[in-house]
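Shown next, in structure tokens, is the structure this report addresses.
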Amino acid sequence: MTNILKVVFKEFFGMFIDDGALALAALLLIAVVGVLVKFAHADALLAAALLLLGCLLILAESVVRAARKKFQGKIASSMMPTTSCSISLI
């Protein structure tokens with residue numbers, strides 16, 4: 001029973017934090033914008049624009065990294081040496 005709960009717990013939180021770098025970058029962006037609003041008295045519209053652009057950039061970087069990792073594996077497996085046969089012309 002405990003094993004099942006561990007798997008369910010892991011899968012549930014895995015849906016939200018599949019990519020640790022993505023989650024960390026988003027939290028860091030929110031913290032930086034929050035500090036700008038609270039202490040630097042940044043305009044709300046500027047803060048919203050920073051959050052929007054920052055989230056879009058973080059998401060794009062995550063997609064590029066995931067695609068690179070996926071295709072890197074396919075390229076590496078396709079470049080594996082295969083058995084070769086030598087043909088003699090004599």
Side-chain angles (χ1 to χ4, degrees):
M1 182 68 173
T2 338
N3 197 18
I4 292 173
L5 289 177
K6 285 181 186 178
V7 170
V8 168
F9 184 75
K10 183 178 176 182
E11 289 294 323
F12 179 74
F13 283 104
M15 289 189 309
F16 299 105
I17 305 178
D18 187 30
D19 185 358
L22 174 70
L24 184 63
L27 288 174
L28 184 64
L29 174 68
I30 292 168
V32 167
V33 172
V35 167
L36 285 174
V37 169
K38 182 75 173 175
F39 298 112
H41 304 291
D43 186 42
L45 187 59
L46 175 65
L50 287 174
L51 281 174
L52 176 65
L53 291 175
C55 285
L56 289 174
L57 287 173
I58 291 168
L59 182 61
E61 187 276 332
S62 178
V63 167
V64 167
R65 188 171 14 96
R68 185 176 295 139
K69 186 186 298 183
K70 182 178 180 179
F71 290 119
Q72 199 88 12
K74 285 187 178 183
I75 291 171
S77 66
S78 68
M79 295 180 77
M80 295 293 280
T82 57
T83 56
S84 62
C85 59
S86 33
I87 301 173
S88 175
L89 297 175
I90 298 178

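Predicted model only: the values in this text are computed from it and were never measured.
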Under a single-linkage definition using a 4.5 Å side-chain heavy-atom cutoff for Ile, Leu, Val, Met, Phe, Trp and Tyr, are V37 and L46 assigned to the same hydrophobic cluster?
-> yes

Residues pairing under side chain to side chain donor-acceptor pair (under 3.5 Å) where one sits in residues 30-48, two or more places apart or in two chains, turn out to be none

Cluster question for you: counting only ILVMFWY and a side-chain heavy-atom cut-off of under 4.5 Å, with indirect links fine, are I30 and I58 together?
-> yes

Output for pair (L50 CG, C55 SG), nearest 0.5 Å, gives 10.5 Å

Taking ILVMFWY side chains as joined if any heavy atoms are under 4.5 angstrom apart, and letting links pass through other members, which residues group with L45?
-> none

How many angstroms lie between CD in E61 and CZ in R68, if you round to the nearest 0.5 Å?
-> 8.5 Å

By ring pair (Phe, Tyr, Trp, His ring centres under 6.0 Å), F39 pairs with (sequence neighbours left out) none

